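In this text, all values refer to a predicted model and were calculated from it rather than measured experimentally. So that the names make sense, note that chain A is the first sequence line, chain B the second, and so on, each numbered from 1.
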There are 2 protein chains.
Amino acid sequence: MQNSEAMALSAALLAVAGELTRRIHDGVVARGFEGVRPVHGYAFARLAPDGATVTELAVHLGVTKQAASQLVDELVRKGYAERRPHPGDARARLVVLTEAGWACARAAEEAAAEAVRAWGDVLGEAQVHALREGLLRITPDGPIRPAW
Amino acid sequence: MQNSEAMALSAALLAVAGELTRRIHDGVVARGFEGVRPVHGYAFARLAPDGATVTELAVHLGVTKQAASQLVDELVRKGYAERRPHPGDARARLVVLTEAGWACARAAEEAAAEAVRAWGDVLGEAQVHALREGLLRITPDGPIRPAW
DNA sequence: GTATATGGTCAAGCTACTTGACCATATGCC
DNA sequence: GGCATATGGTCAAGTAGCTTGACCATATAC
């Protein structure tokens with residue numbers, strides 16, 4: 001594959017990622033959740049199952065724990081999360097989603113599903129499925145970072 | 001398709017995009033270009049063919065023209081671009097890449113090709129091709145924006 | 001029981017953006 | 001030609017989200 005083809009693929013991937021982010025954000029706002037930024041979605045993804053500590057969240061997002069702590073401050077202030085004592089470690093605090101936080105996460109899922117549905121209209125269900133399988137196989141481990 | 005599947009596809013796409021950005025950036029730095037940020041790559045993409053005005057660049061990046069002007073300042077200071085009088089509009093200035101700018105853009109292409117090659121090792125050439133074709137068909141028009 | 005490591009926060013600083021004001025030139029209209 | 005308005009660009013100041021550095025509380029190793 002030529003460099004120019006690799007660049008075209010890269011550019012397309014990044015453009016689609018940017019557009020997807022915008023659509024999810026717009027969809028979440030349209031469902032009545034204000035003051036949320038795209039990065040909050042990635043925090044929700046880590047907090048959703050059983051909560052997480054600030055340090056775990058920092059690793060997930062690829063930022064300092066101070067930055068993660070500030071982000072949690074913001075989520076708490078806006079009513080999407082709360083800090084609880086950590087069972088088994090008196091130093092730590094377990095950050096969990098509130099009911100509003102869960103509702104916001106569901107709204108993000110719906111918005112993502114809408115965006116993916118639009119791709120289905122262009123590509124067809126089978127190709128979207130193939131896209132998903134292909135991407136899942138090259139998905140890296142490690143922290144989730146902003147695309148630039 | 002269920003919401004959770006759409007979310008898995010979205011998360012994979014965004015994770016791959018973040019990783020790709022990181023790899024291109026690392027590859028460019030490894031080739032000796034310092035002080036460049038990922039957003040500069042998107043600026044290069046707009047400036048590369050024939051140059052562009054600050055306002056055109058701002059539209060391309062989805063930022064204010066002041067921000068675009070500051071970014072051009074930075075590129076000029078670092079030797080990657082220069083401002084020339086615009087032929088045919090004395091108000092405007094045409095921003096073009098210098099030889100160093102072109103070299104940096106080529107380095108980014110090589111780094112992108114390396115990253116794509118790694119995908120090929122996992123997926124095979126044919127599936128990478130299919131991925132490219134699929135993504136190109138759902139690539140939006142309009143400004144290129146950070147993924148979050 | 002003491003030394004060190006880890007979870008978390010407070011405070012200050014930096015960087016890349018924003019908004020607002022302004023100047024120079026271009027364009028539309030009489 | 002002359003004036004009103006639109007457009008390209010920059011300067012200046014403010015802001016948001018991150019960083020680094022310092023510090024405290026608790027856990028862990030020996």
Side-chain angles (χ1 to χ4, degrees), chain A residues 18 21-22 25 29 34-44 46-47 50-78 80-96 143-148, chain B residues 18 21-22 25 29 34-44 46-47 50-78 80-96 143-148:
Chain A
T21 300
R22 196 189 61 73
H25 180 255
V29 171
E34 299 193 7
V36 287
R37 289 176 290 131
V39 68
H40 294 151
Y42 296 89
F44 284 13
R46 184 65 182 80
L47 298 177
D50 303 297
T53 65
V54 162
T55 297
E56 288 166 345
L57 186 59
V59 170
H60 177 72
L61 296 177
V63 299
T64 61
K65 58 185 181 177
Q66 291 92 324
S69 184
Q70 290 169 15
L71 193 140
V72 170
D73 284 344
E74 189 186 346
L75 290 178
V76 169
R77 186 166 12 96
K78 290 175 177 166
Y80 294 120
E82 59 185 16
R83 289 184 166 97
R84 293 191 178 168
H86 193 288
D89 190 338
R91 296 170 305 176
R93 316 224 257 161
L94 192 62
V95 182
V96 297
I144 303 289
R145 292 243 50 175
W148 75 81
Chain B
T21 300
R22 196 188 60 73
H25 180 255
V29 170
E34 298 193 9
V36 286
R37 289 176 292 132
V39 68
H40 294 150
Y42 295 89
F44 283 13
R46 184 65 184 80
L47 298 177
D50 302 297
T53 65
V54 162
T55 297
E56 288 167 346
L57 186 59
V59 170
H60 177 72
L61 296 176
V63 298
T64 61
K65 59 184 181 177
Q66 292 92 325
S69 184
Q70 291 170 15
L71 193 140
V72 170
D73 284 344
E74 190 185 345
L75 290 178
V76 169
R77 185 165 14 94
K78 291 175 176 167
Y80 295 120
E82 58 185 17
R83 288 183 167 96
R84 295 191 177 169
H86 192 289
D89 190 339
R91 296 171 304 177
R93 315 223 256 163
L94 192 63
V95 182
V96 298
I144 303 290
R145 291 242 50 174
W148 76 81

Spacing of A:Ser69 atom OG and A:Arg83 atom CZ [to the nearest 0.5 Å]: 4.5 Å
On DNA chain D, compare the nucleotides closest to A:Leu71 and A:Gly88; which residue's is nearer the 5' end? A:Leu71
Side-chain N,O (A:Arg37) to OP1/OP2 (D:dG17) below 4.0 Å: yes
Phosphate OP1/OP2 of C:dT6 contacted by A:Thr55 side-chain N/O (<4.0 Å): no
Does C:dA5 have its OP1 or OP2 closer than 4.0 Å to a side-chain nitrogen or oxygen of A:Arg91? no
Rounded to the nearest Å, what distance is computed from the CG atom of residue A:Asp89 to the P atom of nucleotide D:dC24? 20 Å
Give the rounded distance in Å between these two atoms: NE2 of A:His40 and C1' of D:dC18. 13 Å
Distance from A:Glu74 atom CD to A:Arg37 atom CZ, nearest 0.5 Å? 4.5 Å
Quick one: does A:Gln66 reach the base of D:dG21 with a side-chain donor-acceptor pair under 3.5 Å? yes
With respect to the phosphate group of D:dG9, does any side-chain polar atom (N or O) of B:Ser69 fall under 4.0 Å of OP1 or OP2? no
Atom pair CD (B:Glu56) and NE2 (B:His60), whose distance is rounded to the nearest 0.5 Å: 11.0 Å
Classify the nucleic acid contact of B:Thr64 as base, sugar-phosphate or nothing, counting any heavy atom under 4.0 Å across all strands shown. base
Is A:Gln70 side chain donor-acceptor paired with the D:dT19 base, going by distance under 3.5 Å alone? yes
Bending between helix ends of the helix from C:dG1-D:dC30 to C:dC30-D:dG1 [5 pairs per end, 10° resolution]: 30°
Interatomic distance, CG@A:Leu57 vs CZ@A:Phe44, rounded to 0.5 Å, equals 10.5 Å
Do the side chain of B:Glu74 and the base of C:dT15 come within less than 3.5 angstrom through a donor-acceptor pair of N or O atoms? no
From CG of B:Leu94 across to C1' of C:dT25 the rounded distance in Å is 17 Å
With sugar-phosphate meaning primed atoms plus P, OP1 and OP2, does A:Ala67 contact a base, only sugar-phosphate, or nothing at under 4.0 Å between heavy atoms? base
A:Leu71 side chain reached by A:Val39 side chain, heavy atoms, under 4.5 Å: yes
So CG of B:Leu47 and CG of B:Leu75: to nearest 0.5 Å the spacing works out to 7.0 Å
Picking from D:dT26, D:dC18, C:dG8, the nucleotide nearest the side-chain atoms of A:Val63 would be D:dC18
Can you work out whether A:Val54 or B:Lys65 has the more 5'-proximal nearest nucleotide on DNA chain C? A:Val54
